[in-house]
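In what follows, a single structure is set out as structure tokens and then discussed.
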Amino acid sequence: MPSADLLSELRWRGLIHQCTDEAALAELLKTPQTFYIGFDPTATSLHVGGLMQLMMLRRFQQAGHRPIALVGGATGMIGDPSGKSEERNLQTDEQLEANVAGVAAQMRAFLDFDGPQAALLLNNYDWMKDFSYLQFLRDVGKYFPVGTMLGKDSVRSRLDGDSGLSYTEFSYMLLQAYDFVRLAKEYDCRIQGGGSDQWGNITAGIDLGRRMLGQPLVGLTAPLLLTSDGRKMGKTERGAIWLDPERTSPYAFYQYWRQVDDADVMRCIAYLTEIDREEYDALAAQTAEDPGRCAAQQRLAEWMTQFVHGDDGLNSALRASKMLFGGEIEALDDRELGEIFEDVPSSEVDRAALDGDGLWVVEAFQRAGLTSSNGDARRTIKEGGAYVNNRRVANANVRLTANDLASETMMVLRKGKRKYALLRFSQEP
RNA sequence: GGGGGGUUGCCCGAGUGGUUAAAGGGGGCGGACUGUAAAUCCGCUGACAUUGUCUACAUAGGUUCGAAUCCUAUACCCCCCA
């Protein structure tokens, strides 16, 4: 039951940046279609940008169409020059293989691989690996006028700049164009989506489809997810936000969305979530009226975290947030504390230090690496910026004993508002 | 090759014999306010030590009761004349 509303849904979400032929697309979508988006296996995990594309596939699937997630095992060997200012280093085969496997595993969690609209997960390496160079030039290359290729933004910007581009990267668009034709032929896939930086590659595929198959294909791009000051969403000083909990903990993931700028939060909700129009409007109104409540940020963070990391991930993120930004820390066990503070650096201290007079706070802060010298630690304490288990340290003479443990073996030290460190008091053999 | 100027704490930049651990600004760090935001305001910002000691103004020596401040040499930088 294809939903006639898919297009209007995409429109209000602002997800249609460009479309090669909106009328044709609308016509196609009246019946179940196959829709594909390619993913670059640049790492073993997707990040925020990839998630946005994945959501696109989901939206099509939910509207009654069949999504194909194409992992670029072959194209990844070449490197897409689109949106890149410099020639990229080639990945090793092993790296690429691991990346393809990692990304594919993540996609399985977000698409439905059963039922009449079962999603397909394909790898273009499967059809590229046996294609000989000569055959490719004869079958595919023949249809590509170099003049047109030179006109593509991705190529021109590189030629205009001073970094140039290799023949290898120049050829990238042929591979992606061929993917589209291949999918059209084998899976009757007539629609390709992607980020706006994929426009050139997508239209190259459409041209090739017309020439090789005499069939009209349609392309659709989504805007890039940028912050209001023009940078890519999902990047922090410490690197990208990944979907893989090993790379970005559920807590860090949650916090990223929780701290999105007011100016960007509604767009994130529209682009990345399945929160409906009604709730969206309500959140937008609340943000305008009372930005201090961060209602939209909280909803976004909740939705995203639960979607990507499940209930458990969300709960631990919420609990950690409550601890880190809220009350005192006590009555927890090692396991819970460890989970909540998994992003926080920790140091080992001999348990015996807590015996007798106990451990001098100043030294504790030094051991935890939160202060640069004893003087710095004293200063911080004097300024009221030192906390043990979220209780402010009264003076620099305080000594810590086993009574100050937050759990069996751990103590939580904090400097200022957010700088945490864990001390683990281990039994020395 | 000759002449002149410079080198100060994380950065910029005052200071030209004596409360100078060194003005002022930036940055950083705390705190207050706030929305886990921005802006603003206040405090701190060499080390060690329960207010005293040590190490600091390019480097090494010297003069002096006392120097970042004077002298000598060395290194680096800038400018002018050849």
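Naming: A, B, ... by sequence-line order, numbering from 1 per chain.
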Practice problem: Report which part of the nucleic acid Asn397(A) touches: base, sugar-phosphate, or nothing (heavy-atom distance under 4.0 Å, all strands). | Solution: base
Quiz item: How would you label the contact of Tyr256(A) with the nucleic acid (heavy atoms, under 4.0 Å): base, sugar-phosphate, or nothing?
Solution: nothing
Can you tell me the base-pairing partner of [N]? Count Watson-Crick or G-U wobble geometry only, both distances below 3.5 Å, and say none if there is no partner.
N	value
rC41(B)	rG31(B)
rG9(B)	none
rU51(B)	none
rA14(B)	none

What is the distance, to the nearest angstrom, from the [atom1] atom on [X] to the [atom2] atom on [N]?
X	N	atom1	atom2	value
Arg418(A)	rU34(B)	CZ	P	16 Å
Arg414(A)	rC29(B)	CZ	C1'	15 Å
Asp261(A)	rA38(B)	CG	C1'	9 Å
Lys419(A)	rG28(B)	NZ	P	11 Å
Lys415(A)	rU45(B)	NZ	P	13 Å
Arg258(A)	rG35(B)	CZ	C1'	7 Å
Gln259(A)	rU34(B)	CD	P	19 Å
Gln298(A)	rG35(B)	CD	P	13 Å

Self-check item: Selection: residues 370-384 of chain A, any non-hydrogen atom under 4.0 Å of RNA chain B
Solution: Ser373(A), Asn374(A), Gly375(A), Arg378(A), Arg379(A), Glu383(A), Gly384(A)
Quiz item: Of all of residues 288-296 of chain A, which get a heavy atom below 4.0 angstrom from RNA chain B, listed by number?
Solution: Pro291(A), Gly292(A), Cys294(A)
Can you see whether [X] engages [Y] through a side-chain donor-acceptor pair at a distance of less than 3.5 angstrom?
X	Y	value
Ser196(A)	Gln18(A)	no
Asn201(A)	Gln192(A)	no
Gln306(A)	Glu302(A)	no
Thr34(A)	Arg66(A)	yes

Distance check, [atom1] atoms only: [N] and [M], in whole angstrom units.
N	M	atom1	answer
rC54(B)	rA38(B)	C1'	44 Å
rC12(B)	rA75(B)	C1'	24 Å
rC57(B)	rA67(B)	P	12 Å
rG62(B)	rA56(B)	P	15 Å

Quiz item: Side-chain donor or acceptor of Gln255(A) under 3.5 Å from a matching atom on the base of rU36(B)?
Solution: yes
Quiz item: Mind checking whether Tyr420(A) and Phe341(A) have parallel, tilted or perpendicular rings, split at 30° and 60°?
Solution: tilted
Quiz item: Does Asn123(A) reach the main-chain N or O of Gly73(A) with its side chain, forming a donor-acceptor pair under 3.5 Å?
Solution: yes
Quiz item: Looking at side-chain heavy atoms only, is the closest gap between Val48(A) and Met52(A) below 4.5 Å?
Solution: no
